[in-house]
Amino acid sequence: MNDIFKETFGTPNTEKQTPIEIALGVDAQGMTTATRLYEFLELNPSNYSKWFKKNITENQFAEETVDYFLFVLQYEHGNTVGKRQDARLTAGFAKKLSMMQKNEKGEAARNYFVGIENGAKKLVRKAPLTEHPGEVANYLKVIDRRMEKEGIAPYKIAEALKMVSEQYGIQLPEDFVKVPEYEHMKLNFGYGGDAR
């Protein structure tokens with residue numbers, strides 16, 4: 001069956017794939033098949049049709065021609081030729097189905113994705129988004145000068161600088177922005193003169 005899969009869909013390029021995509025047999029177009037997924041999940045071969053119907057064609061959260069593409073697989077088993085309903089599945093849909101399975105493979109898939117999320121959280125918390133703090137400092141100076149030139153209130157400038165700094169992973173003290181108790185207002189009556 002692997003030879004038929006390679007002949008039909010090509011050999012996957014695993015250089016740019018995640019371990020779960022390699023395990024699921026995702027091809028260069030970002031697709032796998034229901035048959036490959038079923039084999040990965042190590043489910044009972046005699047229950048394939050029931051599983052296929054429940055998880056693919058009757059899945060209320062899946063849409064044909066978006067998440068899956070139906071086809072019929074013709075195969076030989078000994079002297080008999082059989083047909084089996086199959087579907088090309090997007091990698092995302094296959095991943096969702098693998099996480100839904102209530103067996104060791106499903107648990108492994110869930111653990112994989114939880115591990116990925118935890119790793120991403122650690123990266124976001126620890127690593128600044130830039131390796132060039134000098135460039136960020138220069139960028140902040142430009143923002144400061146431009147906002148000051150436009151007459152923006154100092155506390156508004158401080159808010160903008162704090163927001164940009166945090167986007168680059170730079171934490172400023174909580175009291176960096178000091179909002180005044182009151183703000184002087186300028187009224188413009190529309191004829192060019194300022195009312196003060």
Side-chain angles (χ1 to χ4, degrees), residues 9-32 36-37 40 61-63 65-68 88-101 105-196:
F9 303 114
T11 305
N13 178 0
T14 58
E15 291 177 14
K16 296 181 181 178
Q17 290 183 322
T18 64
I20 194 83
E21 290 172 337
I22 294 168
L24 294 175
V26 174
D27 64 19
Q29 288 79 40
M31 305 287 280
T32 189
R36 291 291 298 261
L37 175 61
F40 165 78
F61 302 109
E63 187 177 342
T65 70
V66 174
D67 300 302
Y68 64 91
R88 299 228 333 125
L89 311 176
T90 63
F93 184 49
K95 291 171 188 177
K96 289 177 188 177
L97 291 177
S98 69
M99 288 188 284
M100 289 172 44
Q101 193 57 49
K105 287 289 189 155
E107 182 64 13
R110 288 186 292 278
N111 287 336
Y112 172 81
F113 289 110
V114 167
I116 293 295
E117 182 181 18
N118 289 338
K121 285 179 184 176
K122 286 178 185 175
L123 284 175
V124 169
R125 279 189 220 129
K126 288 185 178 182
L129 298 176
T130 182
E131 295 178 3
H132 308 287
E135 290 178 15
V136 175
N138 288 337
Y139 181 55
L140 293 173
K141 286 178 189 176
V142 169
I143 292 172
D144 180 48
R145 278 184 288 217
R146 183 171 291 163
M147 291 179 81
E148 190 175 326
K149 187 176 181 182
E150 291 179 15
I152 309 279
Y155 80 94
K156 291 283 190 186
I157 296 171
E159 284 176 348
L161 298 179
K162 184 172 183 182
M163 180 187 70
V164 171
S165 296
E166 288 173 353
Q167 289 175 348
Y168 284 97
I170 300 167
Q171 294 297 318
L172 297 174
E174 288 295 319
D175 62 348
F176 182 78
V177 178
K178 294 187 171 118
V179 180
E181 291 181 32
Y182 66 93
E183 188 175 341
H184 293 285
M185 295 179 60
K186 292 182 183 179
L187 300 176
N188 186 346
F189 292 106
Y191 54 85
D194 283 344
R196 293 181 194 242

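Start at 1 with the first residue, then count along the sequence.
- Nearest heavy atom pair, residue Phe176 against residue Ala158, reads CE2-O, 3.5 Å.
- Applying the side-chain contact (heavy atoms from CB on, under 4.5 Å) rule to Asn111 yields the partners Glu107; only residues at least two apart in sequence or on another chain are considered.
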* Passes side-chain contact (heavy atoms from CB on, under 4.5 Å), Met99 versus Phe113? Steps please. -> CA-CA 9 Å; Met99 288 188 284; Phe113 289 110; 3.3 Å; yes
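- Rounded to the nearest 0.5 Å, atoms CZ (Phe40) and CD (Gln101) are 10.0 Å apart.
- Going from atom OH of Tyr112 over to atom CD of Glu117 covers 13.0 Å, rounded to the nearest 0.5 Å.
- Of all heavy-atom pairs between Ser98 and Leu24, the closest is CB-CD2, 4.4 Å.
- Qualifying side-chain contact (heavy atoms from CB on, under 4.5 Å) partners for Lys141, counting only residues two or more places apart in sequence or in other chains: Asn138, Arg145.
- In this structure, CZ on Phe93 lies 14.5 Å from CZ on Arg88, to the nearest 0.5 angstrom.
- When the side-chain contact (heavy atoms from CB on, under 4.5 Å) test is applied to Val164, the partners found at least two apart in sequence or on another chain are Tyr139, Leu140, Ile143, Tyr168.
- Going from atom CD of Glu159 over to atom CE of Met147 covers 8.5 Å, rounded to the nearest 0.5 Å.
- Remark: Arg110 CZ is packed, more than 12 non-hydrogen atoms of other residues, nucleotides or ligands lying under 6.0 Å away.
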* Step by step, work out the salt bridge (charged side-chain N to carboxylate O under 4.0 Å, His left out) result for Lys96 and Asp67. => CA-CA 11 Å; Lys96 289 177 188 177; Asp67 300 302; 5.3 Å; no
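- The side-chain contact (heavy atoms from CB on, under 4.5 Å) check on Ala91 picks up Glu21, Val26, Lys95, with sequence neighbours excluded.
- Here Leu161 contributes atom CG and Lys156 contributes atom NZ; the two are 13.5 Å apart, rounded to the nearest 0.5 Å.
- Heavy-atom minimum distance, Arg36 versus Thr32: CB-OG1, 3.5 Å.
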* To do: Would you check, one step at a time, whether the test side-chain contact (heavy atoms from CB on, under 4.5 Å) holds for Ile152 with Glu148?
  => CA-CA 6 Å; Ile152 309 279; Glu148 190 175 326; over 6 Å; no
* Does the pair Ile22 and Thr18 meet the rule for a side-chain contact (heavy atoms from CB on, under 4.5 Å), with working shown? -> CA-CA 6 Å; Ile22 294 168; Thr18 64; over 6 Å; no
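- In this structure, Leu97 and Leu89 have side chains that are in contact, with non-hydrogen atoms separated by less than 4.5 Å.
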